[in-house]
Amino acid sequence: MVKIATWNVNSVKARLPNVLAWLKEAAPDVVLFQEIKCIDEGFPRMEFEDLGYNVAVHGQKTYNGVAILSKSPLDDIRRGLPHLEENGVDDHARYIEAVTGFGDLVIRVASIYLPNGNPSGQPPEITEKYAYKLKWMDRLKSHATELLKQEEMIVLGGDYNVIPTELDVYDPDAWRGDALFRLETRDKFRALQNLGLTDAFKALHPVETHCYTFWDYQGGAWQKDNGIRIDHLLLSPQAADRLTGCQIDRKPRGQEKASDHTPIWCELT
DNA sequence: ATGTCGCGTGAAACGCGA
């Protein structure tokens, strides 16, 4: 059995005590981090190695940044999302993938920090930031299409900055025009899933409501449970066949110095 | 109640991104 978690930590340095405490308690085999907000050299690698993790980092100064931790070695590490247009550049560190194995469970995992995209503009207008998000989603779909041809166990996890359905937000009308909930965003996320990727949480909790992974720091959102479900684990068919559990762990969000996101994990058996 | 947080700059308070 392999337990794979994803968590947008909102600065790995500011969050280090919280993150280390959670790793000791939850003991995931693989962890996907987003928004580490540091360069590779600044990542607290040794603290995680001391807990038995192998570490792969794709960071940058100030913003973004993703990482993968695994109790098994990380092979075939790839940094950055391919499928840039000709002469295109993407200087945001938002994607890293690697292969890690636990017995006969050999899994390709990716840590994804999909662009936020706000402000998105007044529909049907689309701002430059929102256009970047939509284009990034197209690139992710192209890459996922290629990965799926390998017929491997794949877990594409991370902060997708996508609220998939009205069940995944406390007040759909309040979020209607937001880049995380606009129809263009949800259409592209659905198209990604329709390649054959399973939303692990939705597969095991199809009708549960008030299941969120993010609560804004502002306006007492956490206390009021004004949350949204935007952190997802998407599984290839080979991985989905092994899915035996998936839970959101709300505990870290309620602690001192919390990230605005909380971890979500799945188990493959 | 424009009610938060983290980073970088540059030495305190601000702009940016979320």
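Chain naming here is simple, since letters A, B, ... match the order of the sequence lines and numbering starts at 1 in each.
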- Using atom P of each nucleotide, how far apart are B:dA11 and B:dG15 to the nearest Å? 15 Å
- Item | Side-chain H-bond candidate by donor/acceptor type, A:H143 with A:E97, under 3.5 Å | yes
- Are side-chain N/O atoms of A:D90 and A:Y132 paired as donor and acceptor at under 3.5 Å? yes
- To the side chain of A:E35, which of B:dT9, B:dA18, B:dC7 is closest? B:dA18
- Message: Using a heavy-atom cut-off of 4.0 Å across all strands, would you classify A:F214 as base, sugar-phosphate, or nothing?
- Response: nothing
- Task: Figure out the CD/P separation between A:E128 and B:dG17, and round it to whole Å.
- Result: 11 Å
- Task: For B:dC14 versus B:dG3, give the span between their P atoms, rounded off to a whole number of Å.
- Result: 15 Å
- Have a look at A:R253 and say if it touches a base, only the backbone sugar-phosphate, or nothing, with a 4.0 Å heavy-atom cut-off. nothing
- Query: Counting side-chain heavy atoms from CB outward, which of B:dA18, B:dG8, B:dG6 is closest to A:K61?
  - Reply: B:dG8
- B:dC16 to B:dG10 separation - P atoms, rounded to the nearest Å: 15 Å
- Task: Compute both the distance and the angle, then confirm whether A:R186 meets the cation-pi test with A:F181: under 6.0 Å from the six-membered ring centre, within 45 degrees of the axis.
- Result: yes
- Check whether any side-chain N or O of A:R15 sits under 4.0 Å from OP1 or OP2 of B:dG6, and answer yes or no. yes
